[in-house]
Structures are given as structure tokens and as C-alpha cells.
Amino acid sequence: MAPVFKPLMPLDEAWSRLKDAALAHREAQPPRTEGIDSFEALGRVLAQPLTSGVDVPPLDNSAMDGYAVRAADVASACADAPALLSQAQRIAAGQVGGALHAGTCARIFTGAPIPPGADAVVMQEHAQPQADGRVAFAQAVPPGHNVRQRGEDIASGQTVLHAGVALTAAGLGVAASVGAQQVSVFKRPRVAVLTTGNELVMPGQPLPEGAIYNSNRHTLRGLVQACGGQASDLGIVPDQLEATRAALRAAAADHDLIITSGGVSVGEEDHLRAAVLSEGELDFWALAIKPGKPFVFGVIRRPDGSRALYMGLPGNPAASFVTFLLLVRPVLALLAGQDWAVPQALPLRAAFDWPRPDKRREFLRARLEASGQVSLYPHQGSGVLTSAAWADGLVDLAPGQTVSNGDTVSYIPMAELLQPAALWRQP
């Protein structure tokens, strides 16, 4: 079937259509959940909010090593007339001291509960133990000084982590601090990864003339795993229509999303577009972005009437990498139970010139330098995968936008493209 050429779709429209399709898919096939040990939950997405059943800290405690005192007992202390208090007890972390009486102090260590009667802690550097067992304090402290109040971090009944949050190392610590041994999380989206091309061979195999090593197979599997998906490597599909159709049918059977690289252009050996039309439906094809113009989105039908989402990426390695970050990543996040979000750029100064812009929206592999300016990899070709390994972000240029050294450009950090963070926003 000869392709019907239409105007290239803008990226914002593609995002809108991807969001609608992915939300409809999630409504029809809700993400599955499971309970797992919080110790093993790094990167997983919470399916239910986590509410604390305890105050954190559970008691008033000392913020440092020092001496617990009654603030009134040292109210008039100064260098010329220090307050002298008898040391009545010693309280280490994990111990509970007795009541502190007027005129006495308690040696106390970081994290130890404040004894009844005490209302301040003097750091040990500001106290001088005496030979007679008393301690000299040469300055006054206010009530509450160096005291962590009960519940000042988390109050009992407080929701500490919301559903849809991807658990970071800090989030795991919060879960542990409220005593959550298990957390309810969404199961990882099942993502089938196929690469196409008769010219592809795997590393470790002999490289015949005219062949290339298959870098996309490694890159896409790694990106799926880095972004919270469960990747199934389904290997290399030969450039044959029936083989491509069979591979899509098999992948749709037990995966939420199918991603492929290559075979989505208009050449005689590019069969994916025709295969998708035969096995499912095509939503859109060809975007007004560079790199990444030959991008396909649709669905693959299953025998029971349900569907798997399909995203066909370009075969050129850098283009495949960029389109995954911009288009696959937000869909994968939504399938994992998170909200839809697209990346928001930072305004930074350019340390480069870009005098010959494209008619399409361009995404240039870039790096943030120590000067605070953004530089470009010298070779921006869609086949130059080293540009993606070198870069720590993308410069987002509007269609026809030129750049002179020192101009403000829109820079998207790579870390924010690979995982949800503050720079991801709701559109």
C-alpha cells in the first residue's frame, strides 16, 4: 500500500493524542498492583497513598550531643557568671531518662529522648564539665533550643506519600520511618522491544560486509528498564511483511506496549506501517521534529478484542533515543500508574551558534557546562549515537529558530527525561 502523505504532525498535537490514547488504554486495562517489601521498592510507583500511624519523631529528642537543661536554670548565664548545674543522669539514644529536677542537667546524645522537665539542649561545645561533677554553662538558651519536637517531621494520620509517586531513595526512607514494611505498588508495564533490519547483527557475532551491530536493541531495552518498565527483548525481525505481522501479533498477546525501531519510513523494505494497518490501527505517522520524523503510533488488536499500544521509532540510533525520551517515556509513565506529564525546559545561555535551522522542531544533544552555558555535540546527525552518550540534555528549538552564542535557549536535562521530577509538568 502506497503511503498517503499528509502534513507533518506538531509535537504538541502528538503529545495530546498520545495522552488521550494512553488514558483510554489504562481505563480499559487498569494497571495491576502488588504488595512488595519496602526495602525492595526503589523506583516502583505507589498504587495507594501511604499514611503514617505514628508521630515522627515519636518523642521530643535531642538534635545533638550536649546537655539537657531547664532553660530557666541558665537564663542568666554569661561568660563572667556561668550557671553551674549538677549532672544528674546520662541519656544515650534508645534510652529514656528520668525527670530532670531544677538545678540539674543531663548528659544527652543525639536522638535521645528529652527527659521530663527539660526543655532545651546546650551543645557540648558550649558546656564545661567541672571536677566536682557539675557543669558550667556560659550562655543562656531559649526553651526548645536544639530540641526536635514530637511529630515535627510527620504527624500520626498524615499522608506522607501519594499514589502515583515513584519511590526514590528518600521516599523509601520516609516509608521506613513510619514503619511501612510493605507498600502497594503498580506492577511494571510489560514492554515488548523489537528491532528490525536484515543488516543487523548482535555484538560478538562476525560483522559481514554491509552489516552493522544492533545498538538500538541495547539502548531501548535499557531505556525501558531505566524508566520503570519490564522489558521483553523479542529480538530482530527480518524485513519481511509476514514476519513483521507475526512478530506484532505475538508481542501484543502479553504486553501492554510494543516498541520497535526501524522499518517505519517509506522505503520498499519498510514494512511496519503496513503491518500495523493489517494487525491493528494507525493513529498517526510522521512528526514535525528532528530527529524523529518517521515515528508511528497505533494499536495492535488481540484475539479477545483488547489492544496493545504500539510505538514505532526510527531506526537511526540517535533519533530512536530522542523519540523514546520525548514520546515513549510519558506513555510508559502513565501505564505505570503515574500522571501524564511532559518535560519542561530551563532557560539557559547558549555557548554555540545555530545559523541554519530546520523547518521542524529540533532537539539537539547538548551538555550543561561549568560556566552555566549549554554547548552542543559537534555532530548532530540522527545516526550519531555518541551524541546521546555525551549529552546530559536536549536543546529544544522551535521551527526556524536560529541561535547565536549567548542567546537564551530551552534546555531539558536528561535526568528529567529519564524519570519524573519537579521539571515534569501537567500540560
Side-chain angles (χ1 to χ4, degrees), residues 37-42 46 49-162 165 167-183 422:
D37 195 303
S38 58
F39 198 62
E40 304 294 337
L42 182 65
L46 277 180
L50 183 61
T51 301
S52 177
V54 297
D55 291 324
V56 180
L59 296 169
D60 293 353
N61 69 85
S62 178
M64 58 185 58
D65 295 347
Y67 294 86
V69 299
R70 294 171 176 262
D73 286 345
V74 295
S76 60
C78 63
D80 294 333
L84 293 171
L85 304 178
S86 298
Q87 180 178 324
Q89 54 185 312
R90 183 182 186 275
I91 310 169
Q95 297 179 340
V96 177
L100 189 71
H101 301 294
T104 68
C105 64
R107 181 73 166 112
I108 198 167
F109 297 89
T110 304
I114 302 296
D119 59 6
V121 173
V122 178
M123 62 189 304
Q124 61 187 13
E125 291 85 351
H126 295 163
Q128 183 63 50
Q130 305 296 299
D132 60 3
R134 294 184 298 172
V135 182
F137 300 93
Q139 64 182 48
V141 294
H145 190 65
N146 293 329
V147 175
R148 299 171 180 151
Q149 303 295 325
R150 174 178 178 170
E152 72 172 27
D153 185 6
I154 299 168
S156 180
Q158 178 182 339
T159 297
V160 291
L161 295 169
H162 295 276
V165 168
L167 289 166
T168 62
L172 294 182
V174 169
S177 71
V178 302
Q181 180 184 3
Q182 277 211 334
V183 289

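Atoms CD and CG, on Gln182 and Leu50 in that order, are 12.0 Å from each other to the nearest 0.5 Å. To the nearest 0.5 Å, the span separating NE2 on His145 from CE on Met123 amounts to 7.5 Å. Between atom CD of residue Gln89 and atom CD of residue Gln87 there is a gap of 9.0 Å, rounded to the nearest 0.5 Å. For the atom pair CD (Gln149) and CG (Leu59), the distance works out to 11.5 Å, reported to the nearest 0.5 Å. For the atom pair CG of Asp60 and CZ of Arg148, the computed distance is 11.5 Å after rounding to the nearest 0.5 Å. The distance from the CG atom of Asp153 to the CG atom of Asp55 is 10.5 Å, given to the nearest 0.5 Å.
Using a 4.5 Å cut-off on side-chain heavy atoms (C-beta onward), Gln139 and Val122 make no contact. Using a 4.5 Å heavy-atom threshold, the side chains of Leu85 and Val74 count as touching. For the pair Asp119 and Val147, the minimum side-chain heavy-atom distance is 4.5 Å or more. Within the 4.5 Å cutoff, the side chain of Ile114 has heavy atoms near those of the Ile108 side chain.
Distance alone, capped at 3.5 Å, places no donor-acceptor pair between the Ser86 side chain and the Ala88 backbone. Of the possible polar contacts, one joining the Ser38 side chain to the Ala180 backbone as a donor-acceptor pair under 3.5 Å is found. Under a 3.5 Å cut-off, the side chain of Thr110 and the backbone N or O of Asp65 do form a donor-acceptor pair. Distance alone, capped at 3.5 Å, places no donor-acceptor pair between the Arg107 side chain and the Ile91 backbone. Listed for the Thr159 side chain is no donor-acceptor partner under 3.5 Å among the backbone atoms of Leu161. Within the 3.5 Å criterion, the main-chain N or O of Ala92 finds a donor-acceptor partner in the side chain of Gln95.
When all heavy atoms are compared, the tightest approach of Pro143 to Ala71 is N-CB, 3.7 Å. Heavy atoms only, all atoms of each residue included: Ala68 and Ala118 are closest at CB-CB, 4.0 Å. Contact between Pro116 and Gly98 at its shortest, heavy atoms only, is CD-O, 3.9 Å. Contact between Val183 and Ala41 at its shortest, heavy atoms only, is CG2-CB, 3.9 Å. Closest approach of Pro115 and Leu100 over heavy atoms only: CG-CB, 4.4 Å. Closest heavy-atom contact between Ala136 and Leu84: CB-CD2, 3.5 Å.
The ring-ring contact (aromatic ring centres under 6.0 Å, His included) check on Phe109 picks up nothing, with sequence neighbours excluded.
The 12-atom threshold is not exceeded at CD of Gln181, counting heavy atoms of other residues, nucleotides or ligands nearer than 6.0 Å.
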